[in-house]
A.B. asks: 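One structure, pasted below without further comment.
Every heavy atom of this structure was used, including side-chain atoms; hydrogens, water molecules and symmetry mates were not. Fair warning: this is a prediction, and the values are worked out from it, not measured in the lab.
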Amino acid sequence: MRRSIPIALSALLLAGCGSVSTTVAVSQWRSQAHFDANTTTLVHDVRRAADLLKDPASTVGTRRTVCAILLLDAQAANSALPTPDDQATTLLGHAYDDFGAGANRCYAARAAGYESLALASLRSGMASLAEGRARLDVATR
């Protein structure tokens, strides 16, 4: 019994050595995932797709290209999940899902009349993205 107490204390101390605070973990994830740069690109994609959806003179080819790029960038951002913060992961996951849905609807918008549905998905995604970014900012303070 006497030998088990020092072993238990040693194990407890060693476990503490390997832990990282949530603040540090989120900061590291944000850097390794290139979150800020990828988010800037994604927001640009969303704005470009929304502009084309609102423009009756946009060509099908241009719209489909922009929407396909948006979908690829949303999938790439989603592949960096999960974050070390569960709430941020949930919010960002919703954003990326909405961007994917918006991109798919955008791709078929003129043929199926999905412009308003695509725009609604993109707006919802931007709201979730803003909340997710705010959560990451809070988690790194």
Side-chain angles (χ1 to χ4, degrees), residues 1 3-141:
M1 177 72 176
R3 286 177 48 177
S4 64
I5 291 174
I7 292 172
L9 288 174
S10 296
L12 186 61
L13 288 173
L14 285 174
C17 291
S19 65
V20 174
S21 73
T22 302
T23 301
V24 171
V26 170
S27 292
Q28 288 174 346
W29 175 87
R30 195 171 187 153
S31 174
Q32 291 169 354
H34 305 286
F35 176 77
D36 295 316
N38 290 340
T39 298
T40 299
T41 298
L42 197 52
V43 168
H44 176 268
D45 294 347
V46 169
R47 288 184 178 146
R48 181 75 175 119
D51 288 345
L52 289 172
L53 285 164
K54 295 174 192 174
D55 181 4
S58 67
T59 66
V60 172
T62 301
R63 190 182 62 252
R64 286 186 172 177
T65 299
V66 169
C67 297
I69 291 168
L70 169 58
L71 180 60
L72 289 173
D73 288 343
Q75 290 171 336
N78 193 54
S79 72
L81 296 178
T83 74
D85 182 89
D86 290 340
Q87 187 176 5
T89 298
T90 299
L91 291 165
L92 294 173
H94 289 310
Y96 303 149
D97 288 347
D98 285 340
F99 292 150
N104 283 316
R105 290 173 175 153
C106 170
Y107 192 84
R110 283 270 156 67
Y114 286 161
E115 288 93 346
S116 63
L117 292 173
L119 288 167
S121 293
L122 297 178
R123 278 192 298 274
S124 179
M126 289 296 287
S128 293
L129 180 62
E131 290 181 61
R133 286 171 99 170
R135 178 62 198 161
L136 289 174
D137 290 344
V138 167
T140 56
R141 287 187 188 149

A.B. asks: Can you tell me how far apart OG1 (T65) and CG (L70) are? Round to the nearest 0.5 Å.
C.D. replies: 12.5 Å
A.B. asks: Just by distance, do the side chain of R63 and the backbone of C106 share a donor-acceptor pair under 3.5 Å?
C.D. replies: yes
A.B. asks: Calculate, to the nearest 0.5 Å, the distance between atoms CZ and OG belonging to F99 and S128 respectively.
C.D. replies: 8.0 Å
A.B. asks: Taking atom OG1 of T140 and atom CH2 of W29, what is their separation to the nearest 0.5 Å?
C.D. replies: 11.0 Å
A.B. asks: Taking S27's backbone N and O only, do any of them form a donor-acceptor pair with S31's side chain (distance below 3.5 Å, no angle check)?
C.D. replies: no
A.B. asks: Does G100 offer a backbone N or O that forms a donor-acceptor pair with the side chain of N104 under 3.5 Å?
C.D. replies: yes
A.B. asks: Whether the side chain of N38 engages the backbone of H34 through a donor-acceptor N/O pair (distance < 3.5 Å, no angle test) should be reported.
C.D. replies: yes
A.B. asks: Are any of the side-chain nitrogens in R30 or D137 under 4.0 Å away from the carboxylate oxygens of its partner?
C.D. replies: yes
A.B. asks: Find out whether E131 and T90 are in side-chain contact, i.e. whether some heavy atom of one side chain is under 4.5 Å from a heavy atom of the other.
C.D. replies: no
A.B. asks: Might you point out which heavy atoms bring N78 and G93 nearest each other, and give the distance in Å?
C.D. replies: OD1-CA, 4.3 Å
A.B. asks: CG/L122 to CE/M126 distance, rounded to the nearest 0.5 angstrom?
C.D. replies: 9.0 Å
A.B. asks: Work out which heavy atom in D98 is nearest to a heavy atom in S121; give both atom names and the distance.
C.D. replies: CB-O, 3.4 Å
A.B. asks: CZ/R141 to CG/L136 distance, rounded to the nearest 0.5 angstrom?
C.D. replies: 11.5 Å
A.B. asks: Say whether T39 and R133, considering side chains only, have a donor N or O and an acceptor N or O under 3.5 Å apart.
C.D. replies: no
A.B. asks: About how many Å separate CZ of F35 and OG1 of T83, when rounded to the nearest 0.5 Å?
C.D. replies: 9.0 Å
A.B. asks: Any side-chain donor paired with an acceptor under 3.5 Å for T41 and D73?
C.D. replies: no
A.B. asks: Could you tell me which residues satisfy salt bridge (charged side-chain N to carboxylate O under 4.0 Å, His left out) with D85, sequence neighbours excluded, listed by chain and number?
C.D. replies: R135
A.B. asks: Can any side-chain N or O of S58 pair as donor or acceptor with the backbone N or O of L52 at less than 3.5 Å?
C.D. replies: yes
